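The structure presented is a predicted model; accordingly, all values stated were derived computationally and were not measured. By convention in this document, chain letters (A, B, ...) are assigned in the order of the sequence lines, proteins followed by strands, and residues within each chain are numbered from 1. Just so it is clear, the values below take in all heavy atoms, side chains as well, and ignore hydrogens, waters and symmetry mates.
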Amino acid sequence: MCLAIPGKIVEINGDKAVVDYGGVRKKASLMVMPNAKIGDIILVHAGFAIANVKLDEAKEKIEAISYLSEAVREEKERISKEQS
Amino acid sequence: MRKILLSHGEGGLATERLIESVFASKLSNAYLAEMEDSAIFELDGKKYAFTTDAFIVEPVFFPGGDIGKLAVSGVVNDLAAMGAKPLFFSADFIIEEGFSIDKLDIIVESFAKELKEISAVLVAADTKVVPIGQGGDIYIAVSAIGEVICEVGTHMIQSGDEIVISGDIARHSAAIISVRENIETEPTILSDCAPLWDLVNTAFESDAVIHAMRDATRGGLATILVELSNKSDTGMEIYQEKIPINPQVSVICELYGFDPLYLACEGVMVFFTAEDNAEKLLSVLKKHNLGKNAEIIGRVNNDIGVILHTPIGGKRKLIKLEGEQLPRIC
Amino acid sequence: MNSYITNITKNIKKLLEITGPVKVMEVCGTHTVEISRTGIRELFGNQLDLVSGPGCPVCVTPNDYIAKALWLAKSGVTICTFGDMIQVPVNNESLQSEKAKGYDVQLTYSPTESVEFAIDNPDKKVVFLGVGFETTAPSIAGAIIEAKKKELDNFSVLCTLKTIPAPLGVIASSPNLKIQGFMLPGHVSVIIGVKPYRFLADKYKIPAVIAGFEAVDILKAIETILNMIISGSASIVNEYKRVVLKNGNRSALQLINDVFTSCPSSWRGLGILPNSGLRISGKYSHFDAEKRFNIPDFTDIEDDPMCKCDKVIMGIIKPYECELFKRVCTPQNPKGPCMISSEGSCAAYYKYGY
């Protein structure tokens, strides 16, 4: 019903963000993510950011997620270091 | 009132049906019936391979190459897949009125450079111009003859054979998509387009026994595996985790909802080796600059169809690409 | 292979021995594709019957909408659409076949791109095909607001957005379906949150889990549903906490309520359901293609009588139980929407079916 993938905000101008999906960059609208800031990991569908991605779920579940983008993988490593 | 659709040009089932209904009925013969990458014929006791291909790519310049390099690579790889060393080429350049001659210069330059590198010779050429607006900048049609060095063919594929891929998949398509959709990638996704004769020749010099080869172009890896499985009347088991793919390429596939197994490569050869010969071939390929990402991706068996084993232990049947893959949201 | 995944898979097999065969509906078309693509459908044999639901926009879009889009294309309008829609045939015509005849059909990745296209081509009348569910609604609303801000005169949306709770009620209340658990659409839930599904557990006592789209998310959702079936408890569990909040995305909901109004909508296989669609509200009627063009009425177009997509969408039959499946109806020659959309269950079974 809705393909959406996570990426990291690397630039914001107005309500447009540049999102990095692990070495692939594309613009996305922040119209419904008013308090998004640089460095946030967000979920983007059809060029629209629709949610923040929080990675504080159970450690082993996150390990099992075949994350696509480097940006998210770094965040995942940071989280699992904190939790261990 | 049937019309030609873009999906007829994608190398999948739509293409096959068009060939069957319009071309095969009128032109079929023993050579064409083989449906191999090149036709094989004998002259004074020596075996030769002959093939032809046309190149239409938009844009004509893309990261990692241009239509000139692509035209030579595509035909060299069709000859190499039949174990033939490329010798003599012919080429037709169909150019659109208004196309920049400086750009044409660069394209012909890279066409010539690729030929020189494999010491092949262009023996016949022709240029035509079409009115502005009726041709995509430039199209190139190329034919070539090569001498068969090592006899291979789909008929030699048998149960127990191992399947080795020379490089990561879908990179050519991803490079084109990133330019067309002006997506910035870091590092830039370079098309894998490259002539593979030197790589294949190195493989022959190793003592790995090779039964068959096919370059994975239109329709992607999945389509050629299914084609070869049908033609050789064998089954195949493929392990998804073993299939090399560049991370940025898989991100582009996720963004647009494409399945990378069905996207075109232009510099990847799939080898079918005799049993227990894959490791030998792999070590040789990995030493070659076009084979660094080579992997053993599966085996041939006596079942029916190509089964993909997924990373979570699931299974799924691969089928041929139907029409064209379209960007989707759901 | 990841040990977390293998443990869940082993545990699901154990739970299935206790429950016996279980019928779970995955509402969302993207789940249908991922279940087939990752091979999950084959992992549990016929003990776990995963049934595709109405969550694929192409599948549920009725013929008259496609006919309207074709009529617009033929009257010289430039149609901007997601790739999903162009192969849907009505009377053997589709946007793809019309594109081949030279009519202007542009594929786009996002609604905002179609507004940019309208800005770059002031002489063209551009209509964006507004198809999708709550997940896509904000991006279409955003495009309309941007077009209004820029006072564009050559852009409008042919809107057939749908909302998911209403059809779930019909499916949950249907006596012959006997769905024992729902796998709820993860990205719709990002927008609407958890509350709108409460009635499934409270009124119909059917356990439901909001699931993500990775293999581990889908397996975790199946495990949670089975645990609820065994314990006899029915509730709505959010297993996609990394993106789904209890109240969803409030500013997205506000944007949707500003630009759209809830309305009855016609669903293939379900008929017309009240409060199951979104139409462009009066404030933005200048960007409603239905108002900008006097499009004829096409509601009399019948489905191919042999086509059983409506039963497949409702999960009453499996794709392979339809006589047309694979024999006549293939992705190359689709007879009904479930084969056209790569998300449709028939396309998923055809493409990935083992």
Side-chain angles (χ1 to χ4, degrees), chain A residues 1-9 13-19 21 24-37 40-69 71-73 75-76 78-80 83, chain C residues 2-5 7-8 27-33 53-57 82 108-113 132-136 138-143 145-146 164 185-188 190-191 212-217 219-220 239-245 248-256 343:
Chain A
M1 193 134 84
C2 329
L3 277 175
I5 75 167
K8 183 184 249 184
I9 297 179
N13 13 54
D15 71 353
K16 282 269 185 282
V18 175
V19 179
Y21 301 95
V24 177
R25 294 187 167 197
K26 232 173 126 53
K27 283 208 303 283
S29 162
L30 296 178
M31 200 183 264
V32 293
M33 296 284 296
N35 15 22
K37 46 189 183 345
D40 283 359
I41 295 181
I42 51 166
L43 190 67
V44 177
H45 165 70
F48 235 66
I50 53 174
N52 276 309
V53 180
K54 305 196 301 308
L55 292 170
D56 47 15
E57 279 179 315
K59 186 162 100 63
E60 59 301 333
K61 182 174 180 191
I62 291 183
E63 291 305 321
I65 289 172
S66 62
Y67 258 96
L68 313 165
S69 51
V72 178
R73 211 165 274 131
E75 182 73 5
K76 199 169 77 173
R78 193 179 59 72
I79 293 272
S80 42
Q83 280 178 341
Chain C
N2 175 288
S3 59
Y4 185 72
I5 288 182
N7 296 343
I8 295 184
V27 176
C28 166
T30 313
H31 275 138
T32 304
V33 171
C56 151
F82 296 123
T108 172
Y109 160 73
S110 81
T112 339
E113 271 176 20
F133 291 88
E134 290 91 336
T135 324
T136 317
S139 58
I140 296 172
I145 285 183
E146 204 174 323
I164 208 63
H187 292 147
V188 163
V190 160
I191 303 294
F213 295 89
E214 298 275 341
V216 67
D217 293 322
L219 291 168
K220 192 77 184 84
E239 288 284 12
Y240 197 18
K241 291 196 180 60
R242 61 180 185 277
V243 286
V244 175
L245 301 176
N249 179 328
R250 216 176 276 109
S251 56
L253 291 169
Q254 266 151 16
L255 180 65
I256 291 171
E343 293 260 320

Within-4.5 Å side-chain heavy-atom neighbours: [X] and [Y]:
| X | Y | answer |
| --- | --- | --- |
| A:M33 | A:I9 | no |
| C:V190 | C:T135 | no |
| C:F213 | C:C28 | yes |

Selection from C:V244, C:T108, C:N249 maximising heavy-atom pairs under 4.5 Å formed with chain A: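 If we count pairs closer than 4.5 Å to chain A, C:N249 comes out on top.
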With only heavy atoms counted, which part of [X] is less than 4.5 Å from chain A, the side chain, the backbone, both or neither?
| X | value |
| --- | --- |
| C:T112 | side chain |
| C:Q254 | neither |
| C:L245 | side chain |

side-chain contact (heavy atoms from CB on, under 4.5 Å) evaluation trace for C:I191 with C:I256: CA-CA 10 Å; C:I191 303 294; C:I256 291 171; 3.9 Å; yes
Interchain contact, A:L43 with chain C, by part (heavy-atom threshold 4.5 Å):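 The side chain, not the backbone.
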Geometric class of the C:Y240/C:H187 ring pair [parallel <30°, tilted 30-60°, perpendicular >60°]: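 C:H187 vs C:Y240 ring planes: tilted.
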